[in-house]
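Predicted, not measured: the structure shown is a model, and the values here were computed from it. Just the heavy atoms: all of them, side chains too, but no hydrogens, waters or symmetry mates, feed the values below.
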Amino acid sequence: MYRALQCSLDEDLSRFTHFLRSRGVVHRITEEDGKQVIWTYDGAGAQIVQAFYAEGIPDQAFDSAENASPAAGSSNWPLVWRRIPVTLIVLALTGVVALLTGMGSRPETIGLFTFVPVDANGYFSSEMDLSQWWRLVAPIFLHFGLMHLAFNSLWYWELGRRIEMRSGGLWLLGLTLLFALISNTAQWWVSGHALFGGLSGVLYGLLGFCWLYQWLAPNVHFALPKGVVVLMLVWLALCLSGLITMLGFGAIANTAHVSGLLAGCAVGLAAGGLERARRGRQE
């Protein structure tokens, strides 16, 4: 447990704790040396408690929540947005690339984001050019069609913000780059085709990371809605079967999906195992 905050015994924390529970922040309150102490399950939860308390958000958000419908927006959105800059930057870059490439319909700009460069004759190179190192990652921003873009963006928002809120922006950035490198390289090496793109390989990596980490070291941020993992695995199986391509959804970068998932599971096992061991030493 993490000591998140302490305050006077005279302060009424009932509304504050109600607010924290409504936001899914696991915590408890004890009395020590004439003070009220708020404890959280992990460091990320402690930071959230401190931020909410310091910025005076709880009372305002609680009051608005009492008068709003369940579907109404939360009044703490400005705080949330400041805590997920990497998620927002990746989504913004994805949107910019979609505009530049016309959703993958402009050959003159697509070549800027392919895994290998295009030569003067308009053909893809047969080898990687490590001097153009950004190409190892660039295909994740390339999408073909509105549905492809929307599906991947929504899932990156769902998974990316969870990881960034729990572990920080550097963790999310590192995982995104790692899974992009692994899934892109695997797809190019196995398929032999240079034209592929999308965040899907990274998404399956983030999914595998959250799934295995949560299994070993549960926390409020990685608690995905029931059925999400099953849904994504079923979709992966359908893609591998060739049914999605037969239905006219285009070629699927299956190698990127599988390699991303395996890499994410491996990192989730390692990080979750370390966190589980750390918690065990503290108990």
Side-chain angles (χ1 to χ4, degrees), residues 86-87 90-91 94 115 136-144 147-167 171-219 221-247 249-276:
V86 173
T87 302
V90 170
L91 290 175
T94 302
F115 192 74
L136 300 176
V137 174
I140 69 173
F141 300 112
L142 184 61
H143 288 82
F144 304 96
M147 190 170 76
H148 189 206
L149 174 67
F151 182 87
N152 283 353
S153 297
L154 287 172
W155 276 112
Y156 191 85
W157 165 258
E158 180 64 31
L159 296 170
R161 67 188 175 92
R162 289 173 178 270
I163 293 172
E164 192 165 11
M165 289 288 288
R166 167 63 177 81
S167 304
W171 254 100
L172 176 60
L173 178 61
L175 291 175
T176 298
L177 295 176
L178 174 64
F179 299 149
L181 177 62
I182 291 173
S183 61
N184 288 341
T185 303
Q187 181 64 40
W188 177 77
W189 183 63
V190 172
S191 70
H193 298 294
L195 184 56
F196 58 85
L199 275 164
S200 299
V202 172
L203 295 178
Y204 272 101
L206 299 181
L207 177 71
F209 173 78
C210 290
W211 178 23
L212 272 297
Y213 193 109
Q214 180 71 5
W215 178 55
L216 290 170
N219 66 87
H221 298 286
F222 293 176
L224 297 170
K226 292 181 179 179
V228 165
V229 174
V230 174
L231 174 65
M232 292 292 281
L233 293 179
V234 168
W235 177 257
L236 177 61
L238 290 174
C239 291
L240 289 170
S241 72
L243 179 61
I244 302 301
T245 300
M246 290 173 57
L247 291 175
F249 288 94
I252 306 296
N254 289 315
T255 303
H257 296 177
V258 174
S259 60
L261 178 62
L262 293 177
C265 288
V267 178
L269 277 173
L274 289 173
E275 176 64 15
R276 186 185 184 97

Handout entry: Phe209 vs Phe222, ring-ring contact (aromatic ring centres under 6.0 Å, His included): CA-CA, chis, key distance, verdict
Key = CA-CA 9 Å; Phe209 173 78; Phe222 293 176; 5.7 Å; yes
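- Of all the heavy atoms in Trp171 and Ala271, the pair that sits closest is CH2-CB, 4.2 Å.
- Leu236 contributes atom CG, which lies 10.5 Å from atom CD1 of Ile252 (distance to the nearest 0.5 angstrom).
- A side-chain donor-acceptor contact under 3.5 Å links Glu164 to the backbone of Thr87.
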Exercise for the section: Take Phe179 and Leu203 through the test side chain to side chain contact (heavy atoms under 4.5 Å, CB included) and record every step on the way to the result. Expected result: CA-CA 8 Å; Phe179 299 149; Leu203 295 178; over 6 Å; no
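- Between the OG atom of Ser167 and the CG atom of Asn219 there is a distance of 7.5 Å, given to the nearest 0.5 Å.
- Judged purely by atom type and a 3.5 angstrom limit, Arg162 uses its side chain to pair as donor or acceptor with the backbone of His221.
- A donor-acceptor pair shorter than 3.5 Å cannot be found between the side chains of Thr94 and Tyr156.
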Practice task
Decide side chain to side chain contact (heavy atoms under 4.5 Å, CB included) for Phe196 and Leu142; before the verdict, give the C-alpha distance in whole Å, the side-chain angles of both, and the deciding distance to 0.1 Å.
Solution key: CA-CA 8 Å; Phe196 58 85; Leu142 184 61; over 6 Å; no
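- A side-chain donor-acceptor contact under 3.5 Å links Arg166 and Tyr213.
- The two residues Ile140 and Ala180 come nearest to each other via the heavy atoms CG2-CB, 3.6 Å.
- When every heavy atom of Leu216 is checked against every heavy atom of Gly268, the shortest pair comes out as CD1-O, 4.3 Å.
- Atom-to-atom distance recorded for Leu91:CG and Asn152:CG is 10.5 Å, nearest 0.5 angstrom.
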Exercise for the section: Tell me, with the steps shown, if Leu224 and Leu207 meet side chain to side chain contact (heavy atoms under 4.5 Å, CB included). Expected result: CA-CA 9 Å; Leu224 297 170; Leu207 177 71; 3.9 Å; yes
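- Under a 3.5 Å cut-off, the side chain of Glu275 and the backbone N or O of Ala217 do not form any donor-acceptor pair.
- Considering every non-hydrogen atom in both Ser183 and Ser259, the closest pair reads CA-OG, 3.3 Å.
- Checking side-chain atoms of Tyr204 against main-chain N and O of Met232 turns up a donor-acceptor pair under 3.5 Å.
- Side-chain atoms of Thr255 and Trp189, non-hydrogen and from C-beta on, never get closer than 4.5 Å to each other.
- Residue Leu212 holds its CG atom at 4.0 Å from CG of Leu269, rounded to the nearest 0.5 Å.
- Distance alone, capped at 3.5 Å, is enough to place a donor-acceptor pair between the Asn184 side chain and the Leu136 backbone.
- For the atom pair CG (Leu206) and SG (Cys210), the distance works out to 6.5 Å, reported to the nearest 0.5 Å.
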Exercise for the section: Just do the side chain to side chain contact (heavy atoms under 4.5 Å, CB included) check on Val202 and Leu159 with the steps written out, would you? Expected result: CA-CA 10 Å; Val202 172; Leu159 296 170; over 6 Å; no
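- When all heavy atoms of His257 and Ser200 are compared, the closest pair comes out as NE2-CB, 3.0 Å.
- Of the inter-residue distances, the one linking Ile182 atom CD1 with Leu261 atom CG reads 11.5 Å to the nearest 0.5 angstrom.
- Of the candidates Ile163, Val90, Leu177, Leu172 forms a side chain to side chain contact (heavy atoms under 4.5 Å, CB included) with just one, namely Ile163.
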